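Keep in mind that this is a model prediction, so the values were computed, not measured.
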Amino acid sequence: LSGAGALGQQLVSEVATYLGPAARIVIEKGSKVHLKIPSLEALRSEHLPELFRWLRAMVTPVLKDRVSGFLERLETRFRIKRRRD
């Protein structure tokens, strides 16, 4: 993927392996509401650590046992070092 929004589209594709069609809605909500980013096209790599913290809080109750593997996969894929809270 290249051009505007490529990062957002890559992220949606990865998240869809766990959340299915809801992935786009979840990522857009996190981007717009939590990070105040106007659209997925405006998503940049520097937004990812905070978006992943938000995503962890949102999907943990839903995915339970699968959440660690899911988020570790995203962090590895997008080369994000998780801050230990």
Test log, rule side chain to side chain contact (heavy atoms under 4.5 Å, CB included), inputs W54 and L35: CA-CA 9 Å; W54 176 85; L35 298 177; over 6 Å; no
Main-chain N/O of E14 paired to T17 side chain as donor or acceptor, under 3.5 Å: yes
Audit row: L43, L51, side chain to side chain contact (heavy atoms under 4.5 Å, CB included) steps and yes/no: CA-CA 10 Å; L43 186 67; L51 182 59; 4.1 Å; yes
Can you tell me how far [atom2] of [Y] sits from [atom1] of [X], rounded to the nearest 0.5 angstrom?
X: L55; Y: K29; atom1: CG; atom2: NZ; value: 12.0 Å
X: L74; Y: R77; atom1: CG; atom2: CZ; value: 9.5 Å
X: S31; Y: K36; atom1: OG; atom2: NZ; value: 11.5 Å
X: H34; Y: H47; atom1: NE2; atom2: NE2; value: 11.0 Å
X: L40; Y: E28; atom1: CG; atom2: CD; value: 4.5 Å
X: E72; Y: I80; atom1: CD; atom2: CD1; value: 14.5 Å

Lys/Arg N to Asp/Glu carboxylate O, R56 vs E75, below 4.0 Å: yes
Residue pair L48 / L11, side-chain heavy-atom distance below 4.5 Å: yes
Heavy-atom pair of closest approach, residues E41 and R44: O-NH1, 3.0 Å
